[in-house]
Amino acid sequence: QAAKVSANFVPTKEDYIKVYNRIAQVIDEAGEYDDGSYGPVLVRLAWHASGTYDKDTKTGGSNYATMRFEPESQHGANAGLNVARDLMEKVKQEFPWISYGDLWTLAGVAAIQEMAGPKIPWRPGRIDGFAAQATPDGRLPDATQGADHLRNIFHRMGFNDQEIVALSGAHALGRCHRDRSGFEGPWTFSPTTLTNDYYKLLFDEKWVWKRWDGPKQLEDKKTKSLMMLPTDYVLTQDKVFKKQAKAYAESQDLFFKDFSAVVSRLFELGVPSSQWVTPEPWVMPTVEEQKE
Ligand code: DDH
């Protein structure tokens, strides 16, 4: 039953939990798609909607959900995210009172939490914007580049080196698709569960350049079934990144703690504080916790 959008309908935390639960259902309806979950592609949608932020001009970020509009929806980095946007469009029809920015970031939160990740504190307040607020191409990272590029891109969003490494651990989830990015394959053996395996594998496996006609990527020498992008491998080459990545390889607790904090901030990029409906983010209960 679609909720009415009326001037005096003020959604509560309970209403957002209903949306969270509906997203969790959608995640599970993936059938034969990829590894049987829409979770990873929803995390990627929330990240690409947020990661366009530029702290100097205060443009981009999750506030206006401008990836709904061309040309941002057609930017190379966003190839394949129409899958995630279409899934969320169904949820939007059922809960028309939620903004697209809130919906997409809440989907990222639900996906991470339901895939066994840490709690990602989240709050509503984003508003739907216009095509004129769409961001220029080139604000998201290019997987073929090195440490300087990573720093340029993420420092522009307002993140430091430690946070770059923590954010990169999201690649424990999901996979690359030849017809989207040109790259191919998953980073870990459990792409629908968030773990610190991404860091462990970076150090424990021997990574060699894949011999193929596609873009430069690495494969694990032993099984040849996993991949790393050049930008992933940089975390083992740059001195500062390496130290941090090792720390996350050694402690999933540390990774979860830092990942929770940095992703929560990522999803809030570009939202003026006057828009938040609550001074502190909420911790949304998982579907499992709600049964207790
Ligand atoms: Fe990523 N990512 N990402 N990524 N990403 C891809 C897939 C996924 C880069 C490139 C790619 C983050 C950082 C980086 C996820 C989450 C996050 C793909 C493959 C490429 C390429 C797309 C495809 O073919 O379908 C690069 C480069 C960086 C970087 O330089 C740091 C971050 C910060 C996150 C995050 O969520 C915090 C997820 C999840 C996926 C898997 C998507 C899927 O469909 O599966």
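First listed ligand is number 1; within each ligand, the first listed atom is number 1. Bear in mind the structure is a predicted one, so any value in this text is a computation, not a measurement.
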N/O separation below 3.5 Å, D34 to ligand 1: no
For Y20 and E114, which I'm curious about, is there any donor-acceptor pair between the side chains at under 3.5 Å?
yes
Do we see a donor-acceptor contact under 3.5 Å between the side chains of E72 and T135? yes
Nearest non-hydrogen protein atom to atom 43 (C) of ligand 1, with distance, is R175 O, 3.6 Å
The answer for which part of L167 has a heavy atom under 4.0 Å from ligand 1 is both
(Q) Under 6.0 Å between ring centres: does that hold for F154 and W47? (A) yes
For R180, the atoms of ligand 1 under 4.0 Å from one of its heavy atoms are 23 (C), 24 (O), 25 (O), 44 (O)
Partner of L226 under side-chain contact (heavy atoms from CB on, under 4.5 Å), picked from Y198, W187, F189, is F189
The number of protein N, O or S atoms lying under 2.8 Å from atom 1 (Fe) of ligand 1 is 1
Contacts of Y33 meeting ring-ring contact (aromatic ring centres under 6.0 Å, His included) (sequence neighbours excluded), chain-then-number -> Y38
query: Parallel under 30°, tilted from 30 to 60°, perpendicular over 60°: which one fits the rings of F259 and F255?
result: tilted
Here the atoms of ligand 1 under 4.0 Å from any heavy atom belonging to H177 are 23 (C), 24 (O), 25 (O), 43 (C), 44 (O), 45 (O)
Tell me if the aromatic rings of W122 and Y16 count as close, with their centers under 6.0 Å from one another.
yes
The protein heavy atom nearest to atom 19 (C) of ligand 1 is C176 SG, 3.4 Å
One finds that the ligand 1 atoms under 4.0 Å from a non-hydrogen atom of L150 are 29 (C), 30 (O), 31 (C)
With R85 as partner, the option from L42, V41, L45 fulfilling side-chain contact (heavy atoms from CB on, under 4.5 Å) is L45
Atom 39 (C) of ligand 1 sits nearest the protein heavy atom P40 O, 3.4 Å
Closest heavy-atom approach to atom 31 (C) of ligand 1 among Y33, F259, F154 is made by F154
Problem - ligand 1 contact by L173, heavy-atom criterion under 4.0 angstrom - result: yes
**Message:** When you measure from the centre of the six-membered ring of W207, is the NZ or CZ of K221 closer than 6.0 Å and no more than 45° off the axis?
**Reply:** no
If the contact criterion is a heavy-atom separation under 4.0 Å, does Y38 count as touching ligand 1? no
Sorted by chain and residue number, the side chain to side chain donor-acceptor pair (under 3.5 Å) partners of D161 (sequence neighbours excluded) come out as R151, H155
- Message: Taking distance alone, with N or O pairs closer than 3.5 Å, would you say S181 contacts ligand 1?
- Response: yes
Lys/Arg cation over aromatic W212: R178, 6.0 Å, 45° cone: yes
The atoms of ligand 1 lying under 4.0 Å from a heavy atom of V43, numbered in the order shown, are 36 (O), 39 (C)
In short, salt bridge (charged side-chain N to carboxylate O under 4.0 Å, His left out) pairs touching residues 182-202 with sequence neighbours left out are none
